[in-house]
Amino acid sequence: MTTTEHTELIRRFADDFTALQDAVLARMNGICDPETAAALEHASLTGPVLLVLAHADVLARGAVRCAELSARQSPERLRQLRAHAYRVRRARSQAETLYKEQRARQLAGRTRQPDPLELRVARTASPTAFAEALRRELGDRGLPDGTPQAPESDLTRWAWERNAAGGELPEPVRELRDCDDDTFVQALLRDAREEENPHLPHDAVCERWSRHARTALAWGRYAIGRAERDVLACRPSARHARLDTLEDAYQDAAVLAARSREAQLRTTELYDRMRACMAKGTFAELLAQCRASALVRFADAEPEVWHRVCELTAAHRANCPEQAEGCPRCHRALAAAWPAGPAEDGEGGRSTATLPVDGDRYAMLADLPDTTAVAVADAALGDDSAVCGYGWAAEDGSTGYGDSLASSSGEAEVIGICAAALGLLERHEEAPVVVLCDSTEAVEAANTALRAGDPAAAHRTLLFPESRHLMGRLLHHRDRVQVRWLKGHIGHDLNETADAFARLALRRATGRIPPAAARKEETRILRAVGSGGGFLPAAA
């Protein structure tokens, strides 16, 4: 193949998603011709290959799931589909590894003259003081606050916008930039289900696209969950028509997965250009001047630290083999020559916080009255579908489990918390109720909603209507309910029981355990905990 033909093939793959996916899958299956295989190795296709494999991965798992639910697929065909899904997942993992390696080489190749050693040592040894000196210097120059190294900083934004100013934004781009979050997510869903939106990759909105792509993908999983429930509600012999709807949901989710990965790649590329903008030309000169002036301010404000910095750097340069290159990696070791202050950790002025350690592995309940009803809740979430299972077990011997739909493990845990609390409230009409959960996200979300008296206060976790409905029911009793964190899987009997029920509920909801076997498993769990509790119906 000539160089021109090779280049044309690469260009074709870059422009034609279907052709690229066919070629990638052919290579995966060992039936790819040498010319195509060579073209796929081109560095410019590393990102596009990730997208087609993200798409193919969801489709392959969807084909397996539809075959599992169909009465028409033979065991041999199901085995073939599972083998194909495994190969696609492995190819996707390999492509991700290749992308990371290529990215690491690109970053390693971007060398710039390091800041003076004294500045780097001072900034590392006393980050808070240096940051304040830089902030004052930027303020006196009329520049925005921020750290130049971070693409998210105000200073970087200021420089990028001045450099990239190129006239009025197109109207569709302005609409995407200015609409509310719900409208933007709806635009992402239309992009996947109806017609690709060519304006999403624009610099003005691609970061927003990346932030909300996961939410759109969650709604894709929600559609899969609802379709899966409809299929399971039918007899196997009558499922064919509803399996079409499930296949369509997987098709949409596959597009959402590919577009989500594309949004991440586009945003990474934007950040690279932003960093490049700050590292050259007038902006780089301006930043160098600001940092040099900030160092003078730092020396005036911290004379003892500055004197120590000068002593260390002078002694170090006498023997450092990297002196000619500006000692690019030496500042951290030098800064470690004296301990950081009480409010700094030597890596940016942030203290290291740890979760409190409870004296009692059953959580701190000593402050509660003896009449308090206590339960532990847990949840389990599937891979592709939004179907989740939850379970709970209480000190009074009552238990419950069921299934619902959740966008994340945190939302599934909140559903379990609400189900447990509502179950105890019904059994204990006057007593206060405490629910323990090992998910910090769920505990925080539940308490946020309880304090505000509004499920919308925890909207970042409570995405789907099922969880918001349950939380709305619980808010009628919020003066009697507390939610607390419990460290999970440390031998807590109720926690282990709740976890077992959650996993059973997920298997039951997805049809992966026959009803008779589910009843036996329920009996086994109850016998293990020594409880004769009943069954709580599904949340939704």
Side-chain angles (χ1 to χ4, degrees), residues 1-67 77-106 188 191-198 200-201 206 209-210 213 217 220 247-269 272 383-384:
M1 175 177 283
T2 66
T3 302
T4 301
E5 291 172 328
H6 185 76
T7 303
E8 185 60 33
L9 186 57
I10 294 171
R11 185 181 298 114
R12 179 190 170 211
F13 286 153
D15 295 337
D16 190 333
F17 185 92
T18 301
L20 178 60
Q21 182 159 271
D22 290 343
V24 169
L25 294 180
R27 181 178 64 175
M28 180 192 76
N29 291 318
I31 56 174
C32 181
D33 61 82
E35 293 79 9
T36 297
L40 291 175
E41 294 296 326
H42 196 271
S44 66
L45 293 179
T46 303
V49 167
L50 282 180
L51 306 188
V52 301
L53 284 171
H55 183 267
D57 188 21
V58 176
L59 287 183
R61 296 202 305 273
V64 170
R65 186 60 178 144
C66 290
R77 177 56 178 163
L78 182 57
R79 186 195 65 78
Q80 293 172 354
L81 290 172
R82 285 173 174 161
H84 174 72
Y86 173 78
R87 291 195 299 272
V88 174
R89 174 57 62 92
R90 184 175 59 183
R92 182 179 182 181
S93 178
Q94 293 169 345
E96 290 285 356
T97 300
L98 179 62
Y99 170 77
K100 291 176 182 177
E101 292 173 349
Q102 179 176 303
R103 174 96 180 130
R105 289 193 297 269
Q106 291 172 347
L188 298 186
D191 169 79
R193 295 169 178 171
E194 299 174 14
E195 184 179 8
E196 183 174 309
N197 189 329
L200 287 171
C206 76
W209 180 21
S210 182
L217 186 54
E247 290 175 356
D248 290 343
Y250 269 105
Q251 290 278 356
D252 292 341
V255 177
L256 286 165
R259 292 290 270 170
S260 176
R261 196 67 181 92
E262 181 181 357
Q264 295 171 13
L265 296 180
R266 295 274 188 178
T267 302
T268 298
E269 189 266 338
D272 286 347
D383 293 329
D384 299 313

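Bear in mind the structure is a predicted one, so any value in this text is a computation, not a measurement.
The side-chain heavy atoms of Thr36 and Phe13, taken from C-beta on, include a pair separated by under 4.5 Å. The shortest distance between side-chain heavy atoms of Leu188 and Leu200 falls below 4.5 Å. The shortest side-chain heavy-atom distance between Leu20 and Leu40 falls under the 4.5 Å cut-off. Arg92 is not listed as a side-chain neighbour of Met28, based on a closest heavy-atom distance of 4.5 Å or more. The side-chain heavy atoms of Asp57 and Arg61, taken from C-beta on, include a pair separated by under 4.5 Å. No side-chain heavy atom of Thr97 sits under 4.5 Å from any side-chain heavy atom of Lys100. The shortest side-chain heavy-atom distance between Arg65 and Asp384 does not fall under the 4.5 Å cut-off.
Side-chain contact annotation: Gln264 with Arg261, donor-acceptor N/O pair under 3.5 Å present.
Within the model, atoms OG of Ser260 and CG of Leu265 stand 9.5 Å from one another, a figure rounded to the nearest 0.5 Å. Within the model, atoms CG of Leu53 and OH of Tyr99 stand 14.5 Å from one another, a figure rounded to the nearest 0.5 Å. Here the CG-OG1 distance, from Leu51 to Thr46, works out to 11.0 Å after rounding to the nearest 0.5 Å. In this structure, His55 NE2 and Leu256 CG are separated by 10.0 Å, a value rounded to the nearest 0.5 Å. For the atom pair Ile10 CD1 and Asp15 CG, the distance stands at 12.0 Å (nearest 0.5 Å). Separating the CZ atom in Phe17 from the CG atom in Asp22 is a distance of 10.0 Å, to the nearest 0.5 Å.
Salt-bridge annotation for Arg266 and Glu269: absent, with no side-chain N of the basic residue lying under 4.0 Å from a carboxylate O of the acidic one.
At least one donor-acceptor pair under 3.5 Å links the side chain of Asp191 to the backbone N or O of Asn197. Of the possible donor and acceptor atoms, one in the side chain of Thr267 sits under 3.5 Å from a partner among the backbone N and O of Ala263. In this structure a side-chain-to-backbone donor-acceptor pair under 3.5 Å is present from Asn29 to Leu25.
Partners of Arg103 under the salt bridge (charged side-chain N to carboxylate O under 4.0 Å, His left out) rule, at least two apart in sequence or in another chain, are Asp272.
With Val49 as reference, Arg27 is the one residue of Arg27, Gln21, Glu41 to meet the side chain to side chain contact (heavy atoms under 4.5 Å, CB included) rule.
Closest approach of Arg259 and Trp209 over heavy atoms only: O-CZ2, 3.4 Å. The minimum heavy-atom distance linking Leu78 with Ala67 is given by the pair CD1-CB, 3.7 Å. Heavy-atom minimum distance, Cys206 versus Pro201: CB-O, 3.9 Å. Ser44 approaches Pro48 most closely through the heavy-atom pair O-CD, 3.5 Å. Annotation for Ala37 and Cys32: closest pair N-SG, 3.5 Å, computed over non-hydrogen atoms.
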